[in-house]
Amino acid sequence: MIAVAVRQAPFSIDAALAPLEALGGGAIASFVGLVRGDDAVETLTLEHYPGMTEAALRRLAEEAAARWSLLGATIIHRVGPLRRGERIVLVAACAPHRRDALDACAYLIDRLKTDAPFWKRETRGEEASWVEARAADDDAAERWR
Amino acid sequence: MIAVAVRQAPFSIDAALAPLEALGGGAIASFVGLVRGDDAVETLTLEHYPGMTEAALRRLAEEAAARWSLLGATIIHRVGPLRRGERIVLVAACAPHRRDALDACAYLIDRLKTDAPFWKRETRGEEASWVEARAADDDAAERWR
Amino acid sequence: MTLTILYFAWVRERIGASEEAVDLPQAVATPRALAAWLAERSPGHRAALSDLARIRVAIDQEFADLDASIAGAREVAFFPPVTGG
Amino acid sequence: MTLTILYFAWVRERIGASEEAVDLPQAVATPRALAAWLAERSPGHRAALSDLARIRVAIDQEFADLDASIAGAREVAFFPPVTGG
């Protein structure tokens, strides 16, 4: 089971994982990315490439499902303006046993950072700036190749 | 922030992660263990060592928090009779960045399997049997030492 | 050949448009050549597309190299390195 | 010295009790010796505690070795290898 979604509205983790929990596996690993509260950023605005984004996320989930024999994988990514502490992204993998689920979950978020067409703009007071890509993210994605 | 709980009743993942989401970090990795549906097991009954269990879970979470500079860690483990597909355990780690959260989450579930006093009994039809410990779990815990 | 060009993030902001349709001279065969050709359109285009080290490309919604072929493509997008997740 | 002994999982089932209080002879100084001493109490105790390769121990709610000292302990537990998570 592969499910991907790009949406503005908040999402529930329980609701997002429910379809994976119905697959009969013993292990679900998930990762939630949040707007951090550790600097002066007030709003993070996510832009994406409609059409390409969904295809890129689906391919990513399918690659993970094939590589680790998953029962299912889910990716939800929000777009639009988000405030501190809000959820940006959820990736989750369901497998019979935990090692596959844990590894696939790490793979999904590492690869999503470099392979899905999203862009973040930060707003601090009156000032807005586009977030720069991080070399560390390229390195993290590279280790799965 | 460390939170551990041993309980009979079901738990919500959203509710379990909410205190971690309030810490200002950008990353929460979590793992949910479920009663698998792939064999003839109808009920799984979890027994534990009251008092020792909570202390063991708290120590585990504190070790993870120190090793990866986490902002917080949560462990919830259910006891009593559970049916197929029900959640048994949740471990979660919150950190500023994802690598720490992902590694700490894997550590928590690997170590919980060998270091917390729980025992599983499976019921198949009329027959009940205690689950045998797996050498693979010892190996998984060992790689963190 | 009519091609849809898409811009995202600060590339879009500098150009002041998210999308345009262009009739392409046959000589423009790669995203690199396309960027140079588009840069002539306005100061905003030039500001957005002059430093190609900072630009990434998709051809028909697949990430592509600056020197890939755009022959037969319907859609080419220019944008900064992605920063999702 | 009065000691609380706890049993879990199939150890508890074979013995037919989850807890007992015992007055310990001074010569019984380790979990291994304690298991041998308890095994004399009933056929159930013997069945549960005779194969120590299958038994794990906690002293005062900390995992311990079969040959650790139980001097001053208040609580010793015998149980199979754990299978939670």
Side-chain angles (χ1 to χ4, degrees), chain A residues 10-39 41 44 71 82 84-110 112-113 120 134 136-137 139-140 143, chain B residues 10-39 41 44 71 82 84-110 112-113 120 134 136-137 139-140 143:
Chain A
F11 57 84
S12 146
I13 302 172
D14 283 307
L17 299 188
L20 295 178
E21 292 186 301
L23 299 174
I28 295 177
S30 62
F31 176 87
V32 175
L34 307 160
V35 183
R36 274 208 304 282
D38 60 359
D39 53 21
V41 175
L44 199 65
L71 298 170
L82 302 174
R84 277 182 213 168
E86 279 202 84
R87 296 170 189 162
I88 305 168
V89 61
L90 173 140
V91 302
C94 174
H97 298 286
R98 73 183 180 284
R99 188 57 44 207
D100 286 341
L102 290 164
D103 288 349
C105 175
Y107 172 90
L108 286 171
I109 189 63
D110 280 347
L112 185 151
K113 292 262 177 185
K120 288 196 184 104
R134 297 166 63 239
D137 286 335
D139 295 344
R143 75 188 179 99
Chain B
F11 58 85
S12 147
I13 302 172
D14 284 306
L17 298 188
L20 296 178
E21 292 186 302
L23 299 175
I28 296 176
S30 62
F31 176 86
V32 175
L34 307 158
V35 183
R36 275 209 304 282
D38 61 357
D39 54 21
V41 176
L44 198 65
L71 297 171
L82 302 174
R84 279 183 212 168
E86 279 200 84
R87 296 170 189 161
I88 304 167
V89 62
L90 173 140
V91 301
C94 175
H97 298 286
R98 73 184 180 285
R99 187 60 41 208
D100 286 340
L102 290 164
D103 288 348
C105 175
Y107 171 90
L108 286 172
I109 189 63
D110 280 347
L112 186 151
K113 292 262 178 185
K120 287 193 184 106
R134 299 166 62 238
D137 286 335
D139 296 344
R143 75 187 180 97

Whether B/Asp14 side chain and A/Ser12 backbone form a donor-acceptor pair below 3.5 Å: no
Using a cut-off of under 4.5 Å for heavy-atom pairs, which of A/Gly24, A/Ala22, A/Ala92 has the most such pairs with chain B? A/Gly24
Closest non-hydrogen contact found for A/Ala106 with B/Arg99 is CB-NH1, 4.3 Å
At a 4.5 Å cut-off on heavy atoms, which part of B/Asp110 comes close to chain A: side chain, backbone, both, or neither? both
Side-chain contact test, heavy atoms from C-beta onward, threshold under 4.5 Å: evaluate it for A/Glu86 versus B/Glu21 and give yes or no. no
Name the option with the most non-hydrogen atom pairs under 4.5 Å to chain A; the candidates are B/Gly37, B/Ser30, B/Ala27, B/Ala136. B/Ser30
I need the residue from A/Gly33, A/Gly25, A/Gly85 with the largest number of non-hydrogen atom pairs under 4.5 Å to chain B. A/Gly25
Given that the side chain runs from C-beta out, which part of B/Leu17 has a heavy atom under 4.5 Å from chain A: side chain, backbone, both or neither? side chain
Which portion of B/Leu102 sits near chain A, non-hydrogen atoms under 4.5 angstrom: side chain
Quick one: pull up CD1 in A/Ile13 and CD1 in B/Ile28 and give me the separation to the nearest 0.5 Å. 7.0 Å
Per-residue contact mode, B/Arg98 against chain A (heavy atom under 4.5 angstrom): both
Give the member of B/Cys105, B/Cys94, B/Ala140, B/Pro96 that has the highest number of heavy-atom pairs under 4.5 Å with chain A. B/Pro96
Shortest non-hydrogen contact from B/Gly26 to A/Phe31? O-CZ, 4.5 Å
